[in-house]
Asker: 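Would you mind keeping the following structure in view while I ask a few things?
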2 protein chains.
Amino acid sequence: MDAGIARVGEMIPEAPQQEVRLTRLLLLVGGTLLGEVEAYLKPHGLNDSDFRTLMALYSSPEGATPSELCGFAQQGATNMTRIGNALVKAGLAARSHSAEDRRRIVLNITPSGKRLVRKILPPLFPKVLGAYASLSAGDKRTLERLLRQVALNIDSLQSSDPSS
Amino acid sequence: MDAGIARVGEMIPEAPQQEVRLTRLLLLVGGTLLGEVEAYLKPHGLNDSDFRTLMALYSSPEGATPSELCGFAQQGATNMTRIGNALVKAGLAARSHSAEDRRRIVLNITPSGKRLVRKILPPLFPKVLGAYASLSAGDKRTLERLLRQVALNIDSLQSSDPSS
DNA sequence: AAGGAATATTTCACTGGTGAAATATTACGG
DNA sequence: CCGTAATATTTCACCAGTGAAATATTCCTT
């Protein structure tokens, strides 16, 4: 991969090689992680969005409305309805109407949903730890700091440049 | 997101919070980047795999065989045939038989393929640079170093743990 | 020249994710 | 109360990607 980027860099000298390498690395790592996560969740009948939603509910004792959850799962309203359907159908979450505003639906995690989270989360911990096994404590802090910056930069790129 | 992870961490104390945050960040950044790239390529009739293959050919004056390309594009042989079909159909690459071993097919980028690369690559550079705009030169080197380590760690996880 | 391995392709069948716009219900402001 | 806005859901239509196994061709060894 590095060789390829270097050769392209020779042919196209304006190419910002280091940044291109960084981007490839991020794509590679992100893609691999996503694949792992989805493969692990699949046997439980969940995909990544379902899982993120379930985790949001797990950490929300008060429950949450679909629109709130859209942010967490990075999904549109239509899909959030679908995710809600799936979770409810699987008995992992329950719907109820908000008392104050009856337009709102509140999703709450069920005991069964909590059980599932507590069952599927721990086996992931060794893998998660393994991904950073060779990094020192300082390395991890640095990595987190830099990744947050990149995340912010990307975000402002998207807002300021609708052409993408 | 951080708040959610912290709350989950309270409920499940064994959770390695920092590593979980790192993983989420990587998933987030990777997913966003992939989305950007694919959105940019779509109007040109390419998806990410097609593009990676095309770039591999661009940087291979000698051409490359499908099996070699499978590695670059992280695809199986079946899909590489499909990608080859697509690139050839679009006039971006050409197939020929290897002289030494007639079982092998060699794919070469065409002049039209080179033109496309030189046309679609440069507009990406500002965006790529923007993603790391707030990082110092040292930060970028550090980030690259750390990402490479993570990539390696993940790789060995996969090989050593077929359960995933 | 025969059998076994490598390469590419084809066949076949399968899967999942997405989103825009119309609809229904409720809230809110005047 | 009436109109406008907010929330959720439904409807409809759409699209992309994947992979295992059978096949075809060629190579290599004996």
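By convention in this document, chain letters (A, B, ...) are assigned in the order of the sequence lines, proteins followed by strands, and residues within each chain are numbered from 1. As a basis for the values below, the full set of heavy atoms in this structure was taken, side chains included, without hydrogen atoms, waters or symmetry mates.
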Asker: Rounded off to whole Å, could you give me the CG-to-P distance for the B:D48 and D:dA16 pair?
Answerer: 15 Å
Asker: D:dT7 C1' sits how many Å from A:M80 CE, rounded?
Answerer: 14 Å
Asker: Please determine, by modelled atom types, if B:N47 and B:R52 share a side-chain donor-acceptor pair under 3.5 angstrom.
Answerer: no
Asker: From the options D:dG17, C:dT9, D:dA8, select the nucleotide whose nearest atom is closest to the side chain of B:N47.
Answerer: D:dG17
Asker: Given C:dT26, C:dA8, D:dC12, identify the nucleotide with an atom nearest to the side chain of A:R82.
Answerer: D:dC12
Asker: Under 4.0 Å: is that the gap between some side-chain N or O of A:R103 and OP1 or OP2 of C:dA27?
Answerer: no
Asker: Treating B:E38 as the side-chain partner and B:G35 as the backbone partner, does any N or O pair qualify as donor plus acceptor under 3.5 Å?
Answerer: no
Asker: Mind calculating the distance between CG (A:L34) and P (C:dG16) to the nearest angstrom?
Answerer: 15 Å
Asker: With the side chain of B:T81 defined as its heavy atoms from C-beta on, choose the nearest nucleotide among C:dA27, C:dA8, D:dT26.
Answerer: C:dA8
Asker: Please lay out, stage by stage, how B:N79 and B:R82 fare under the test side chain to side chain donor-acceptor pair (under 3.5 Å).
Answerer: CA-CA 5 Å; B:N79 282 336; B:R82 276 192 269 257; 2.9 Å; yes
Asker: Round to the nearest Å and state the distance from B:H97 atom NE2 to D:dC27 atom C1'.
Answerer: 14 Å
Asker: In whole Å, I'd like the distance from the CD atom of A:Q75 to the C1' atom of D:dT9.
Answerer: 16 Å
Asker: Side chain of B:T78, heavy atoms from C-beta onward: which of C:dT9, D:dT10, C:dT10 has the nearest atom to it?
Answerer: C:dT10
Asker: In this structure, how many angstroms lie between the P atom of D:dT18 and the CD atom of B:Q74, rounded?
Answerer: 11 Å
Asker: Please state how far atom NZ in B:K42 lies from atom P in D:dG17, giving the value in whole angstrom units.
Answerer: 8 Å
Asker: Reading DNA chain D from 5' onward, which residue's closest nucleotide shows up sooner: B:N79 or B:R102?
Answerer: B:N79
Asker: With respect to the phosphate group of D:dA8, does any side-chain polar atom (N or O) of A:R95 fall under 4.0 Å of OP1 or OP2?
Answerer: no
Asker: Closer than 4.0 Å, any side-chain N/O of A:N85 to the OP1 or OP2 of D:dT9?
Answerer: no
Asker: Do the charged groups of B:R148 and B:E144 touch, with an N to O distance under 4.0 Å?
Answerer: yes
Asker: Please compare A:E38 and A:A99 by the position of their nearest nucleotide in DNA chain C and report the one closer to 5'.
Answerer: A:E38
Asker: Measuring only between side-chain heavy atoms, which start at C-beta, is B:P16 closer than 4.5 Å to A:Y132?
Answerer: no
Asker: With sugar-phosphate meaning primed atoms plus P, OP1 and OP2, does A:S49 contact a base, only sugar-phosphate, or nothing at under 4.0 Å between heavy atoms?
Answerer: nothing
Asker: How many whole angstroms separate atom CG of B:L107 from atom P of C:dT7?
Answerer: 15 Å
